[in-house]
Structures are given as C-alpha cells and as structure tokens.
Amino acid sequence: MDEEPPRQSFCTWFHSLKVQIWIAWLGISAGIMAGTVFAIQYQNWIAVTMCFISSAFATLVLHLHMAYKKTQMAGWTSTKLKCIATVGATVSVITLIAMVYCLVVAGIEHQTIDREGLKGANLWIAAVWFFMTSKWSALTWRFARKYRAFCEETRPLLTNSSPPEYSVIP
C-alpha cells in the first residue's frame with residue numbers, strides 16, 4: 001500500500017522560512033510601488049515617507065531571514081540583534097500612536113477617500129502606511145529576538161572549541 005506523506009498544516013507552511021522571505025519581498029515591493037504612486041499621482045508626502053520607511057523595515061526583516069538562512073548570523077553579537085530589536089519595538093510603538101492620531105484627526109476633519117480627497121495630506125492613507133510601518137517594525141523586533149535566542153543557543157558550541165596551542169619551542 002502507498003503511504004501518503006504527512007500533510008503540513010497551514011500554520012506550519014505559513015511560518016516556514018521560504019514563505020517569510022517571500023512575504024518580506026512582497027512588503028518591500030508594496031512599499032516602493034505605493035510610495036511611487038503616492039508621490040507622483042497624489043503628492044501625499046506623509047504617505048510617501050511612511051511607504052519608504054515601511055519598505056526599509058521589510059528590507060531589514062528580509063536581511064534577518066537571509067542571514068539566518070545562510071548561517072551568517074552565527075558571527076553576529078547578541079548586542080547587535082538586541083539593538084535591532086529595540087529599534088523595531090520603538091518604531092512600532094511610535095508609528096502605532098501616529099496611526100491612531102491620523103485616524104482621529106482625519107475623522108474630525110471629515111477627510112474623504114475619493115480621488116480628489118486623496119490628493120495632498122490625506123490622513124486616512126497616511127494611517128494605513130503608519131500601520132504598515134508599525135507591522136514591519138514589529139516583525140523586525142520579533143525576528144531579531146527570535147534569531148538572538150538562536151545565536152545565544154548556538155554560541156557556546158562555537159566558543160567552547162578553542163584552537164590547539166602551538167609552540168615553536170619544544
């Protein structure tokens with residue numbers, strides 16, 4: 001009888017490294033394309049700035065994944081990953097607060113989302129990109145912490161193997 005291979009659940013597939021790399025690439029391209037459109041067509045400079053900052057954090061997430069995949073992360077210090085995680089967490093909180101502010105002010109000022117309403121400083125669209133920046137910076141924080149734990153686990157394996165001592169004098 002032919003045995004069927006075990007099926008992977010959606011969660012297992014979604015959290016695989018390959019899928020996470022593709023998601024990071026999607027975030028990079030979405031930020032660049034949206035930033036270009038909001039600059040050329042709508043002149044919404046707040047949204048343009050946040051699109052490119054979001055894309056930068058997606059690039060950082062991609063870099064973390066690729067360094068982990070290619071085992072280049074073994075040489076990184078714990079402090080480096082801790083700094084990356086701290087920056088990610090800080091930016092995530094700040095942009096989340098900015099998103100809420102944009103939503104409140106856009107509602108109070110009765111800004112519209114029609115074609116003409118999107119031109120200039122439309123805070124509804126800015127709120128969307130503050131959220132995207134918050135998401136990518138939170139993912140930077142998450143993966144920097146995850147990979148730091150991995151590095152701290154494997155570091156004793158690398159540091160305990162001291163090279164043999166050689167002497168020129170017998």
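Quick caveat: nothing in here was measured; it's all calculated off a predicted structure.
Residues satisfying the side chain to side chain donor-acceptor pair (under 3.5 Å) criterion with Glu116, sequence neighbours excluded, are absent altogether. Under the rule for a side-chain contact (heavy atoms from CB on, under 4.5 Å), the partners of Ile28 that lie at least two apart in sequence or sit in another chain are Trp25, Ile32, Ser55, Ala58, Thr59, Leu62. Among residues two or more places apart in sequence or in another chain, the side-chain contact (heavy atoms from CB on, under 4.5 Å) test is passed with Cys102 by Leu123, Ala126, Ala127, Phe130. Remark: Ile40 engages Thr36 in a side-chain contact (heavy atoms from CB on, under 4.5 Å) (not counting sequence neighbours). In this structure, the ring pair (Phe, Tyr, Trp, His ring centres under 6.0 Å) partners of Tyr68, at least two apart in sequence or on a different chain, are Tyr147, Phe150.
The closest side-chain heavy-atom distance from Trp124 to Leu103 is below 4.5 Å. Looking only at side-chain heavy atoms (C-beta outward), Met132 and Met50 stay at 4.5 Å or farther from each other. Proximity of Thr133 to Val91: side-chain heavy atoms (C-beta onward) are separated by under 4.5 Å at one or more points. The shortest distance between side-chain heavy atoms of Met73 and Lys80 does not fall below 4.5 Å.
Contact record, Ala24 with Val61: CB-CG1, 4.4 Å, taken as the closest heavy-atom pair. Scanning both residues, Trp136 and Gly27, for their nearest heavy atoms gives CZ2-CA, 3.5 Å. For the residue pair Ala144 and Leu81, the shortest heavy atom distance occurs at CB-O, 3.6 Å. The two atoms that bring Trp129 and Ala30 nearest to each other are CH2-O, 3.9 Å, heavy atoms only. The shortest heavy-atom contact between Asn122 and Asn44 is O-ND2, 3.2 Å.
Within a 6.0 Å sphere centred on OH of Tyr42, other residues, nucleotides and ligands contribute more than 12 heavy atoms. Annotation: Trp22, atom CH2; neighbour count of heavy atoms from other residues, nucleotides and ligands within 6.0 Å does not exceed 12.
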>> Between Val87 and Thr140, does the side chain to side chain contact (heavy atoms under 4.5 Å, CB included) criterion hold? Intermediate values first, please.
In response: CA-CA 9 Å; Val87 168; Thr140 300; over 6 Å; no
>> Please evaluate residues Ser92 and Trp141 with respect to the criterion side chain to side chain contact (heavy atoms under 4.5 Å, CB included), reporting the C-alpha separation (whole Å), side-chain torsions for both, the decisive distance (0.1 Å), and the verdict.
In response: CA-CA 9 Å; Ser92 181; Trp141 170 74; over 6 Å; no
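Residues in residues 133-146 take part in no salt bridge (charged side-chain N to carboxylate O under 4.0 Å, His left out) pair, two or more places apart or across chains.
Leu26 and Ile53 fall into different hydrophobic clusters, where Ile, Leu, Val, Met, Phe, Trp and Tyr side chains are chained together by heavy-atom contacts under 4.5 Å.
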